[in-house]
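Letters A, B, ... mirror the listed sequences (proteins, then strands); counts begin at 1.
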Amino acid sequence: MRVLQCPTEIAGQMGILTKALARAGIESTAYNTFHSYLGYRDHIYNVDPYELEAMMGDAIQHFDVFHFHYGQTMAPDFADLPEIFRLGKPMVMHHWGNDVRTHALASANNPYVYTGDSPPPEQIHQTLTQITRYVRHAIVQDHEVYAYVASYYKRVHVVPIALDVRSIQPSPPSVKEDRPLIVHAPTNPLFKGTAYIEEAIETLREQGLRFRYQRVENVSNQEALALYRSADIVVDQILCGSYGLLAVESMSLGKPVVGYIREDLVKTFPETPPIVSANPDQVYDALKELIQNPVLRVEKGRQGRLYAERHHAAEVVAQQLLRVYREISNEVDVRS
Amino acid sequence: MAFLTAVESGVQPHMIRCGILCSPSAPRCRRWRVDQLLPCLAFVQSGKVLDQCFEGVLFEADLSCRGEMISPRSMGFGQPPTARTWLDVVEELFRPEQNVPALLQTSQRLPAGRQVDLWIALPYPFENQPGFGTVRGKRLNFQSNPEHRTEAVVWWMEQVCRRWQRTSRRVPSHRVVFRGFAWTRSMLWPADHGVIREVAEWVHRNQLKLMWCYHDRTEGADSAGELGFDLCLNRPLLARGIHRIDAAAAFAEQHGHGVILAWDGARCPDSLTEVLQAVRNRIREAVQLLELPFGVVGQWCQQAEPAYRALYQYIRGIEAQNGDSKGGART
């Protein structure tokens with residue numbers, strides 16, 4: 001089975017999955033046209049949209065399974081989909097959130113959510129309608145994203161964010177640290193709620209609590225990981241209602257993580273994530289407790305590592321992905 | 001500004017791309033013999049050479065027969081190559097009776113006074129490759145030592161030049177001019193800028209030229225000359241129809257570039273004759289490279305297809321007597 005993934009590398013997922021699939025004996029190739037300061041290069045080919053479009057004809061012939069990301073395909077107007085469909089090759093669209101998150105739906109369960117980076121709802125609807133003429137299956141990372149696409153697809157699979165957890169040596173916080181380092185990495189400050197986080201930090205500082213704060217941005221993913229290693233507390237995103245790659249990376253390092261997990265979503269995860277849940281109204285209290293309680297920091301970090309190993313380890317996620325590939329391949333066989 | 005012209009650039013205006021070894025969509029090995037090259041370089045009727053046709057050839061290896069990636073267009077369709085693979089490409093280029101040696105022989109059959117330009121596409125040094133192999137006693141690792149990528153390309157060019165000297169000397173009456181190398185990765189990936197600059201310096205020191213083939217709308221194409229390219233050729237995506245040509249031609253004209261026409265009957269909605277008719281008056285002056293499926297020109301010649309005459313007339317600037325728009329139809 002030859003798998004093609006493209007065209008947008010989000011949170012290093014195409015590269016991580018490509019590597020994990022290779023370990024499972026599956027030939028997978030990933031092309032990325034979205035180049036950011038995060039500098040993802042491992043196990044992907046960085047190309048531009050014109051190179052990808054020019055390769056389209058060869059790719060359609062060569063690959064057996066097409067795994068698209070972020071509501072995009074090889075061609076800007078989805079011109080590749082009819083041909084892949086005609087050839088009876090299986091396809092799946094992986095949605096990541098900002099590509100499909102409409103404000104109306106998101107805010108129904110969450111007054112804090114920020115959807116300023118999502119396309120207008122009419123555009124999301126049009127895109128999903130176009131894609132689902134040919135693509136019947138979608139993948140999402142959790143049930144926060146599930147809701148936005150469920151009505152469009154025949155089936156939506158939940159496959160968690162993947163990380164090569166095994167390759168990450170845990171670096172738990174020290175119980176002796178009396179001036180803990182809080183790290184926050186706002187790749188998108190409005191989406192992550194950075195202003196609320198930093199407001200809480202300022203208040204805690206004014207109140208004389210002993211801690212350090214580092215905001216990590218504009219560095220490559222590899223450099224960022226090195227910085228997280230020295231953290232005692234990591235703050236992920238506190239508006240969206242679920243967690244992202246930063247939380248998974250930090251849990252893998254054995255760090256306690258603060259982030260907002262929507263109450264109604266908690267039961268949809270395979271087990272309760274050991275993340276200290278805090279929305280903008282709660283972030284001050286959550287940070288204060290972790291700053292003042294080194295034993296809690298260590299315990300949350302320990303739980304996080306175990307959770308990451310069980311649910312986010314790349315080899316675990318790759319097996320879930322392979323089940324999806326098999327299902328869509330079988331369905332195509334039946335159709336043809 | 002105007003198109004890059006043959007007079008201005010000192011190269012022949014009409015080149016044909018000759019893909020060698022395998023390609024991502026065709027697993028069979030492509031080798032160019034005299035009988036395949038002759039109908040490209042000359043207008044042949046009933047076995048007789050009547051005139052010159054293409055005046056230049058670009059040889060490019062895409063994918064090795066073991067499935068190792070060589071050209072950028074094979075990116076992601078195979079395994080990473082090694083120094084051994086790159087040496088095999090040199091061997092293949094200069095394989096007796098084929099490719100470059102066949103070109104040397106073919107050139108002897110051209111009408112008197114006519115010459116052919118030879119261009120050779122560079123293999124692409126894939127940056128994620130840790131173990132490229134040993135070159136000049138040094139183990140190259142592109143991933144951890146980005147400068148090794150330049151060393152590998154320069155080493156490869158030296159191998160080609162050495163073989164060219166040796167092979168061309170054996171055919172003293174040939175009429176081939178080795179013009180230089182082509183960088184065929186379209187995107188100007190930042191990590192490639194240094195490689196391109198150093199490759200260009202080496203090429204110029206050796207009195208050769210460096211050509212760049214890119215897809216229309218590629219970022220940075222307007223200032224690509226700063227990297228050291230002598231010729232830049234813009235390729236519209238013909239698989240999306242003839243209408244893509246106009247914008248690409250306008251950009252090329254504005255920036256002093258040439259044009260690439262990449263046509264494949266299995267993928268393009270328009271016939272080659274329609275494409276040629278559409279561009280006949282638009283890019284007549286431009287240096288241009290045609291990319292056609294392997295062996296198709298020889299086949300048209302043999303079967304006296306109207307597309308063959310149309311191609312010849314287009315190259316020589318002869319107005320078609322009775323335009324047959326079906327020539328080179330979709331297959």
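- Heavy-atom contacts from other residues, nucleotides or ligands closer than 6.0 Å to CD of B:Glu147 number more than 12.
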**Request:** Check step by step if salt bridge (Lys or Arg N to Asp or Glu O under 4.0 Å) holds for A:Glu53 and B:Arg235.
**Result:** CA-CA 12 Å; A:Glu53 196 175 357; B:Arg235 181 194 292 111; over 6 Å; no
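- The 12-atom threshold is not exceeded at CZ of B:Arg139, counting heavy atoms of other residues, nucleotides or ligands nearer than 6.0 Å.
- The contact between A:Ala59 and chain B is made by backbone and side chain atoms together, counting heavy-atom distances below 4.5 Å.
- Other residues, nucleotides and ligands place more than 12 heavy atoms under 6.0 Å from the CZ atom of A:Arg23.
- For B:Ala262, no part sits under 4.5 Å from any heavy atom of chain A, backbone or side chain.
- The nearest pair of heavy atoms linking B:Ser25 to A:Gln61 is CB-OE1, 3.5 Å.
- Between B:Met75 and A:Tyr31, the shortest heavy-atom contact is O-OH, 2.5 Å.
- Proximity to chain B (any heavy atom under 4.5 Å) is shown, for A:Leu4, by neither the backbone nor the side chain.
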**Request:** Applying side-chain contact (heavy atoms from CB on, under 4.5 Å), run through A:Tyr45 and B:Met69 and close with a yes or a no.
**Result:** CA-CA 13 Å; A:Tyr45 292 102; B:Met69 303 178 291; 3.1 Å; yes
**Derivation and outcome, side-chain contact (heavy atoms from CB on, under 4.5 Å), residues B:Arg267 and A:Met56** = CA-CA 10 Å; B:Arg267 289 177 186 171; A:Met56 196 170 87; over 6 Å; no
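- Contact annotation for residues 15-22 of chain B against chain A (heavy-atom separation below 4.5 Å): no residues qualify.
- When A:Arg2, A:Glu27, A:His35 are compared by the number of non-hydrogen pairs under 4.5 Å with chain B, A:His35 comes out ahead.
- Atom NE2 of B:His243 has more than 12 heavy atoms from other residues, nucleotides or ligands within 6.0 Å.
- In terms of heavy-atom proximity, A:Asn46 sits nearest to B:Met187 at O-SD, 4.1 Å.
- Residue B:Tyr214 does not touch chain A at all, counting heavy-atom pairs closer than 4.5 Å.
- Remark: A:Glu51 does not engage B:Arg217 in a salt bridge, criterion side-chain N to carboxylate O under 4.0 Å.
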**Message:** Would A:Asp58 and B:Phe77 count as a side-chain contact (heavy atoms from CB on, under 4.5 Å) here? Give the steps.
**Reply:** CA-CA 9 Å; A:Asp58 286 335; B:Phe77 292 96; 3.8 Å; yes
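- Checked options B:Asp216, B:Leu237, B:Thr218; the residue passing with A:Tyr50 is B:Thr218 (criterion: side-chain contact (heavy atoms from CB on, under 4.5 Å)).
- Closest approach of A:Val47 to B:Arg185, counting heavy atoms only: CA-NH2, 3.5 Å.
- Note: A:His62 NE2 to B:Ser23 OG = 11.0 Å, rounded to the nearest 0.5 Å.
- Crowding of A:Gln222 atom CD: a count of heavy atoms from other residues, nucleotides or ligands under 6.0 Å not exceeding 12.
- For residues 63-73 of chain A, a heavy-atom distance under 4.5 Å to chain B picks out A:Phe63, given by residue number.
- Distance alone, capped at 3.5 Å, is enough to place a donor-acceptor pair between the B:Asn128 side chain and the A:Arg41 backbone.
- Between B:His215 and A:Ala54, the shortest heavy-atom distance links the atoms CE1-CB, 3.3 Å.
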